Amino acid sequence: MKSPIPDYLAEVLETCGANDEGVLADYIPPLAEADPDRLALALGTLDGEVYAVGDADLEFTIQSISKPFVYALALADHGLEAVLEKVDVEPSGEAFNEVSLEADSGRPLNPMINAGALTTHTLVGAPDLDEEARFERILAGLSAFAGRDLAVDEEIWQAELEVAHRNHAIAYMLRGHGVFALDPREVVRGYIRQCAVLVTVKDLAAMAATLANGGVQPFTGERIVSREVGRQVLSVMATSGMYDSAGDWLSTVGIPAKSGVSGGLIGALPGQVGIATFSPRLDEHGTSTRGVRICERLSSDMGMHLMEVPAPARSLVGRRTTLPNVDGAGDGESDGWTYELQGSINFVGMERALRSMVEDPPGETAVVLDLTRVHEVRDVGRRMLLEGVRRLVLDGHTVTLVDPDGLLAEPGTIDAGEGTEARVIDHR
Ligand code: GLU
């Protein structure tokens, strides 16, 4: 069978490609020479598959799409608190290159506008790194997100540097407020070099998928940043990634996203997919017009919206059965109950499971909790389950956990807290 997915993506590309609204970015001279009709779309799954259609191998400069990833590197290197002291996370509602800082502190409003991105650039690596070493760390970090070695378009870097008056103005203001201590010219050079890193839509889909995957790169399996950093970056992309159209974007498309002036656009839907498009004509916000249409279409066709409410989870307790009489008494009476748990042991599931045990308590001595059909145990679910076990033991039950995949523990005995123990076996 041939997969229907590339055919679907090709159809989306053709329909949305018919639109020719928008204009090329012209403040960076080489970008004004781009072929306006180039068009590409890639979708990256969290287990490492990439579907790509159109000009999928065409390289273009990453521009502002570098911002969320460099923010991620700064967070990984210095921690959330230290980065927050320098760059806030409030949507600015302003254009990307607005010369605006927080009134008293001079702190940039968020890491997606240029003021914030110039600052996060300085926060990558140890504070004493020189310009070259910092850039190496950034390039290696962006490459790790993409899953291949990326390079810089030297010509575009130099061309943008010549006209980077606004970015210099912002960097000098930041320096004046003491947000960073580096030479503003060095910071602008590094930031614009980071914007000139070459990528394809496949690279961007993989980078977005890494964020959607909680920080683990889907091709290489390498953890690039922690789950917490990934969550922070996605949150900021959701609230500020689309600059002055962030609210409209979040309600209509509903995918944390970031655009770049060369025509790239990424979307990262947590736990689902990474999306990337390329088409150089831009709207008044500096975002690819056809990219916006493609994302709108994917979101509505596939229900890919952050606020799309999933169907309520199936009950965590799949079946409750009585155990055959195993005490050898031969009285034909059951000696206990088995609860077959299924799906994800998370807060919602465990709340329902505990509630059913409270409302309809297991009457007999033995209680078996069978995790054979469980596919994940969230931290909160684990704590709730162990607390449930502890209380069952204190109520006089002997508890056995059947855990063939070792989700909770290896075979043996597990301490459920305060000296209460449960037996763990790997099959029933
Ligand atoms: N290098 C560009 C700038 O700083 C990036 C802007 C963008 O892609 O939105 O002006």
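Keep in mind it's a predicted model, so treat the numbers as computed, not measured. Numbering of ligands and ligand atoms starts at 1, following listing order.
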### Message
I need the single residue from R137, R193, R185, R189 that forms a salt bridge (Lys or Arg N to Asp or Glu O under 4.0 Å) with E131. Which is it?
### Response
R189
### Query
Among side-chain atoms of E11 and T15, is any donor-acceptor pair under 3.5 angstrom?
yes
### Contacting atoms of ligand 1, where contact means under 4.0 angstrom from a heavy atom of C195
1 (N)
### Message
If you measure every N or O of N167 against every N or O of ligand 1, does any of those distances drop under 3.5 Å?
### Response
yes
### Query
Which atoms of ligand 1 have any heavy atom of Y191 under 4.0 Å away?
3 (C), 4 (O), 5 (C)
### Task
Can you sort out which atoms of ligand 1 are near E160, meaning under 4.0 Å from one of its heavy atoms?
1 (N), 2 (C), 3 (C), 4 (O), 10 (O)
### Task
Examine the proximity of ligand 1 to N114 and report which part, side chain or backbone, both or neither, has a heavy atom under 4.0 Å away.
side chain
### Message
For the residue pair T289 / E21, report whether a side-chain donor-acceptor contact shorter than 3.5 Å exists.
### Response
no
### Message
Does ligand 1 come near enough to Q63 that some N or O of the ligand is less than 3.5 Å from an N or O of the residue?
### Response
yes
### Summary
ligand 1 atoms nearer than 4.0 angstrom to some heavy atom of G260 are 8 (O)
### Query
Between S251 and D248, is there a donor-acceptor pair closer than 3.5 Å when you use the side chain of the first and the backbone of the second?
yes
### Query
So, for L341 and L371, which heavy atoms are closest and what is the spacing to 0.1 Å?
CD1-CD1, 4.1 Å
### Query
Would you say V261 has any N or O atom under 3.5 Å from an N or O of ligand 1, going by distance alone?
yes
#### Entry: Minimal non-hydrogen separation, T122 against R134, with atom names
O-NE, 4.0 Å
### Query
Where is the nearest protein heavy atom to atom 6 (C) of ligand 1: which residue, which atom, and how far?
S64 OG, 3.0 Å
#### Entry: Shortest protein contact, atom 10 (O) of ligand 1 (heavy atom only)
Y27 OH, 2.7 Å
### Message
I'd like to know if the side chain of R390 reaches the main chain of A416, judged simply by a donor and an acceptor atom lying under 3.5 Å from each other, with no hydrogens or angles considered.
### Response
no
